[in-house]
Colleague: 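Can you read through this structure? Questions will come right after.
All chains are named by letter (A, B, ...) in the order of the sequence lines, taking the proteins before the strands, and each is independently numbered beginning at 1. In this text the structure is predicted, and so the values were computed from the model without any measurement.
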Amino acid sequence: MKIIVLMKQVANKDAILRINKSETWIEEGDLSHEVNESDGYALEEALRLKEKHGGGEVVVCSLGPQRVKSVIKDALARGADRAIHVVSDDTAQLGPYAAAKVLSEAIKDEQADLVLTGLQSDDNGYAQTGVILAELLGLPHATIVIEVDASGEGLRVKRELESGWYQWYAMTRPALLTIQSGISQIRYATLKGIMAAKKKEIKELAPDAEALGAAAHQRITKVYFPQKTKQTQFLGDGDAKAGAAQLAEKLRTEARIF
Amino acid sequence: MPNGILVFAEHRGGAFNKTSFEAVAAAQQLGASLGQPVSAVVLGTDAALASQVATYKLDKVVSVENPKLSDYTPDGYADAMERAVRALDPQFVIMPHTYLVRDYAPKLAARFGKDLISDCVRASVADGAVTFSRRIFQGKIDADVVANGEPPVFATFQSGAYRADQAERGGEAAAVESLPVEVGEVRMQPEEPFQEVKQAVDLTKADTIIAIGRGIKGQEHIALAQQLADLLGGEIAASRPICDAGWLPIDRQIGSSGQTVTPKLYIALGISGAIQHLVGMKNSSTIVAVNKDPEAPIFDIADYGIVGDLFEVIPVLTEEIKKLKG
Ligand SMILES: Cc1cc2nc3c(=O)[nH]c(=O)nc-3n(C[C@H](O)[C@H](O)[C@H](O)COP(=O)(O)OP(=O)(O)OC[C@H]3O[C@@H](n4cnc5c(N)ncnc54)[C@H](O)[C@@H]3O)c2cc1C
């Protein structure tokens, strides 16, 4: 089975975000980055499917500047077989349709049995790139997938619905699935894996110019910190311990918890 | 000329989702500001369901019909909605940002060569132009977004962005129009939805919930929070990453995929406050947030906040409560 996993690099979860001068995006300069959370789970699922079903190939594909190589190398160290890096410096403002179009051009000749993506990115959070990609590749899709059964000729996938409900779908293969975090426990890269990764192929591609240059369907005009709507009583004024003591008092006298 | 606003009313097995009526409220407000008529669209096998939506103040309700629409599938819904949108030619298509809409609507938009302005928290109109606001970076930053290019503009609204009870009812029922549509090959077959075996704990009954997030750093630290919960006679709960990591069972997960709770006291320790978490706990009576990041979105819904390290806060809080309890 040949599985392509799309992986995006995003700002570190604990990064302190600052707005840029023109108020059109965040200040990128001093940010640290990491792999998008659900994409890490998508890779893990691909590796497990390959192991379970007697081989094949796991190909990682990432779109972005040179720094995304760290995501690619980490994926190769965990067990992906090779990688495609669509190199583009300016992807922050790329809408999901354009991103999907660029990715579809990059992977369409691979004829994969499965394409896996995370269910949304932790930065822009569009939650669309995978689904649009499926449409552009002519593949059936399922989103928010929490279990995959590929033992038969087609697929059975368990989708998460709201409020603790689930639903299985039977579907044809090839297909595209967007994977939910928590589908399985993510493995660590071993030293052996890290060494082996050095010999694995990373193919660099230029993004399809037409897809990249097409007029965006949505444009960010301004970014800012959300306006606070609730009057929060901040306690301790930066002193956590003092805050804790005040909180105990408030819970007794104001909230009357005990 | 494209005209009007089309709102997608979602149902599962005949039960409408509350967020559908939030979307109706959003569409009505947009319609009022733009001076454009608002119609709703309901997908199904016959017009029976559409009449439930017709009680709202709408130009009309279009019942988009095909036998293949008896159960939700992304292929079926994308085909049907594409035909409805082409037939009705609206300027805006408004949808709730539910798991179902997330599943098919990007495919629908792609049929028009575009994407969705997804998960909006607001829309405002100035000089006839609409600005949508989306919350990005997991709720930490807002982005104002404008649509480019030809209509229709597809937009989805976050759960809670508008209130369902603000959706206006009409004086008399809106007209229901049947629109039979073609639906092509459907490549997936759904089985019955189900819940996992009965949950071991029912957090909805707890008066006090101590919830931990990724800030707790390691499974070995959960005992700290557990002590606090025991002292207050409460239950321990968590954000998704804690359950994903297997540190706590999934039945202790709070949020859109987990449980929705409204305890008297909810203490969030090291939880950032992503919308998928907030929807599960924001109606708690008293909310306390402890987070080292002063900009963490969780503070926006907290009654009491402590900006600081939870490993400093929990021991002191536990001690002080012990003292006060005497
Ligand atoms: C379809 C879908 C469904 C989802 N369903 C759910 C759901 O049901 N429930 C849910 O919770 N999430 C859900 N999520 C995930 C959600 O989007 C967030 O990713 C998640 O809630 C983040 O969890 P967190 O706040 O614990 O982690 P993070 O966002 O990583 O936040 C950790 C916080 O801890 C703080 N911190 C770190 N160290 C310390 C310290 N020493 N002291 C104090 N503070 C500290 C940090 O400042 C940060 O704010 C869902 C996502 C999707 C896309």
Side-chain angles (χ1 to χ4, degrees), chain A residues 17 26 95-97 122-128 131-132 135-136 140-144 160-172 181-182 185 215-226 228-230 232-236 238 240-241 243-245 247-248 250 252 255 257-258, chain B residues 74-75 99 102-103 106-107 110 114-119 135-138 140-149 187-191 193-195 232 240 243-244 246 256-260 264-265 286 288 295 299-309 312-313 316-317 320-321 324-325:
Chain A
L17 303 177
I26 55 164
Y97 186 86
D122 295 335
D123 49 9
N124 270 313
Y126 291 120
Q128 299 177 53
V131 178
I132 296 174
E135 174 68 11
L136 295 174
H141 77 267
T143 58
I144 323 192
E160 202 175 273
L161 310 180
E162 277 115 343
S163 313
W165 285 80
Y166 299 90
Q167 189 169 21
W168 284 94
Y169 277 76
M171 56 199 292
T172 57
S181 296
Q185 296 305 312
H217 308 295
Q218 49 186 308
R219 189 167 53 83
I220 296 177
T221 53
K222 187 178 168 163
V223 302
Y224 46 96
F225 289 108
K228 299 265 181 277
T229 50
K230 192 157 176 174
T232 305
Q233 279 193 49
F234 281 100
L235 308 175
K241 289 182 180 152
L247 176 61
K250 299 257 182 201
R252 190 173 67 124
I257 299 299
F258 59 91
Chain B
D75 278 354
Y99 290 13
R102 292 172 52 128
D103 193 54
K107 184 178 176 73
K114 52 171 60 184
D115 38 45
L116 313 167
I117 302 182
S118 55
D119 209 11
R135 207 143 270 184
I136 57 176
F137 289 96
Q138 299 228 306
K140 292 186 192 119
I141 288 183
D142 275 1
D144 284 350
V145 175
V146 295
N148 274 342
R187 296 165 292 180
M188 56 289 290
Q189 289 90 44
E191 299 171 18
F194 63 98
Q195 279 183 300
L232 291 169
R240 176 163 199 127
C243 303
D244 283 351
S256 60
S257 312
Q259 301 207 35
T260 298
K264 292 205 182 85
L265 174 64
T286 298
V288 175
E295 299 291 346
F299 285 127
D300 194 29
I301 61 150
D303 299 284
Y304 302 105
I306 300 177
V307 178
D309 187 342
E312 286 182 29
V313 171
V316 176
L317 181 60
E320 290 295 321
I321 292 175
L324 290 174
K325 282 184 119 179

Colleague: Carefully, step by step, assess B:Asp303 and A:Lys230 under the rule side chain to side chain contact (heavy atoms under 4.5 Å, CB included).
Modeller: CA-CA 8 Å; B:Asp303 299 284; A:Lys230 192 157 176 174; 3.2 Å; yes
Colleague: Heavy-atom distances under 4.5 Å only: say whether B:Thr260 touches chain A with side chain, backbone, both or neither.
Modeller: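 The answer is neither part of B:Thr260.
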Colleague: Show the nearest heavy-atom pair for residues A:Lys250 and B:Tyr304, with the distance to one decimal.
Modeller: CD-CE2, 3.7 Å
Colleague: Distance check, rounded to the nearest 0.5 Å: B:Ile306 atom CD1 versus A:Leu247 atom CG?
Modeller: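 Those atoms lie 4.5 Å apart.
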Colleague: Going from CG on B:Leu232 to CD1 on A:Ile257, what distance comes out if it is rounded to the nearest 0.5 angstrom?
Modeller: 8.0 Å
Colleague: For each of B:Gly258, B:Cys243, B:Ser257, B:Gly246, tally heavy-atom pairs with chain A at distances under 4.5 Å, and name the one with the top tally.
Modeller: B:Ser257
Colleague: Please examine the side chains of A:Tyr126 and B:Leu116, heavy atoms only from C-beta on, and report whether any two atoms are closer than 4.5 Å.
Modeller: no
Colleague: Out of B:Ile136, B:Val316, B:Asp144, which one racks up the most heavy-atom pairs below 4.5 Å with chain A?
Modeller: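 Max contact count across the listed options: B:Asp144.
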Colleague: Roughly how far apart are A:His141 NE2 and B:Asp75 CG, rounded to 0.5 Å?
Modeller: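 Output value for this atom pair is 7.5 Å.
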Colleague: Among B:Gly149, B:Pro190, B:Ala110, which residue has the highest count of heavy-atom pairs closer than 4.5 Å to chain A?
Modeller: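 The candidate making the most pairs under 4.5 Å is B:Pro190.
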Colleague: When rounded to the nearest 0.5 angstrom, what is the spacing between CD1 in B:Ile321 and CZ in A:Phe258?
Modeller: 5.0 Å
Colleague: Taking B:Ala147, B:Pro74, B:Ala302, B:Ser256 one by one, which has the highest count of heavy-atom pairs under 4.5 Å against chain A?
Modeller: B:Ala302
Colleague: Please report the interatomic distance CD1(A:Ile26) to CZ(B:Phe137), rounded to the nearest 0.5 Å.
Modeller: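 A:Ile26 CD1 to B:Phe137 CZ: 3.5 Å, rounded to 0.5 Å.
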Colleague: Please rank B:Glu295, B:Lys264, B:Gln189, B:Arg135 by heavy-atom pairs under 4.5 Å with chain A and give me the top one.
Modeller: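 Answer, by heavy-atom pair count under 4.5 Å with chain A: B:Gln189.
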Colleague: On a heavy-atom basis, which atom in A:Ala240 and which in B:Gly308 lie closest, and how many Å separate them?
Modeller: CB-CA, 4.2 Å
Colleague: Please round to the nearest 0.5 Å and tell me the distance separating atom CD of B:Gln138 and atom CG of A:Asp123.
Modeller: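 Nearest 0.5 Å value for the CD-CG distance: 9.5 Å.
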Colleague: For the residue pair B:Asp103 and A:Thr143, confirm or rule out a side-chain donor-acceptor distance under 3.5 Å.
Modeller: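 There is such a pair between these side chains.
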Colleague: Checking A:Ile144 against chain B: side chain, backbone, both or neither under 4.5 Å from a heavy atom?
Modeller: side chain
Colleague: Considering all heavy atoms of both residues, which atom of B:Ser118 and which atom of A:Gln128 are nearest to each other, and what is their separation?
Modeller: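 Closest pair (atom of B:Ser118, atom of A:Gln128, distance): OG-NE2, 3.1 Å.
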Colleague: Most heavy-atom pairs under 4.5 angstrom with chain B, which of A:Val223, A:Thr232, A:Val131?
Modeller: A:Thr232
Colleague: Considering non-hydrogen atoms only, spot the tightest contact between A:Ile220 and B:Ala143 and give its length.
Modeller: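 Minimum heavy-atom contact is CG2-CB, 4.1 Å.
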Colleague: Chain B: which of A:Ala216, A:Ala215, A:Ala142 shares the most heavy-atom pairs with it under 4.5 Å?
Modeller: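 The answer is A:Ala216.
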Colleague: Where does B:Asp309 contact chain A at under 4.5 Å (heavy atoms): side chain, backbone, both or neither?
Modeller: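 B:Asp309 touches chain A through backbone heavy atoms alone.
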Colleague: Give the member of A:Phe225, A:Phe234, A:Tyr224, A:Trp168 that has the highest number of heavy-atom pairs under 4.5 Å with chain B.
Modeller: A:Tyr224
Colleague: Counting N and O atoms only, with roles assigned by atom type, does the side chain of A:Gln185 sit under 3.5 Å from a partner on the main chain of B:Asp244, one being a donor and the other an acceptor?
Modeller: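 Looks like yes, one N/O pair under 3.5 Å.
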Colleague: Under a 4.5 Å cutoff for heavy-atom pairs, which residue among A:Gly182, A:Gly238, A:Ala255, A:Gly95 has the most contacts with chain B?
Modeller: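 Going by pairs under 4.5 Å, I would pick A:Gly182.
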Colleague: List the atom of B:Glu191, the atom of A:Gln167, and the distance in Å for their closest heavy-atom pair.
Modeller: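 Nearest heavy atoms, B:Glu191 then A:Gln167: O-NE2, 2.8 Å.
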Colleague: Looking at chain B, which one of A:Arg219, A:Met171, A:Lys228 has the largest number of heavy-atom pairs inside 4.5 Å, strictly under?
Modeller: A:Arg219
Colleague: I'd like to know if the side chain of A:Gln218 and the backbone of B:Asp115 have a donor-acceptor N/O pair within less than 3.5 Å.
Modeller: no
Colleague: For each of A:Ser181, A:Gly125, A:Ala245, tally heavy-atom pairs with chain B at distances under 4.5 Å, and name the one with the top tally.
Modeller: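 Sorted descending by pairs with chain B, the first entry is A:Ser181.
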Colleague: Specify which of B:Val146, B:Ile117, B:Asp119 makes the most heavy-atom pairs with chain A at under 4.5 Å.
Modeller: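 Between B:Val146, B:Ile117, B:Asp119, the count favours B:Val146.
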Colleague: Ignoring hydrogens and geometry, is there a side-chain-to-backbone donor-acceptor pair from B:Asp300 to A:Thr229 under 3.5 Å?
Modeller: yes
Colleague: Closest approach of A:Ala244 and B:Leu317, non-hydrogen atoms and distance?
Modeller: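 Shortest heavy-atom contact: O-CD1, 3.5 Å.
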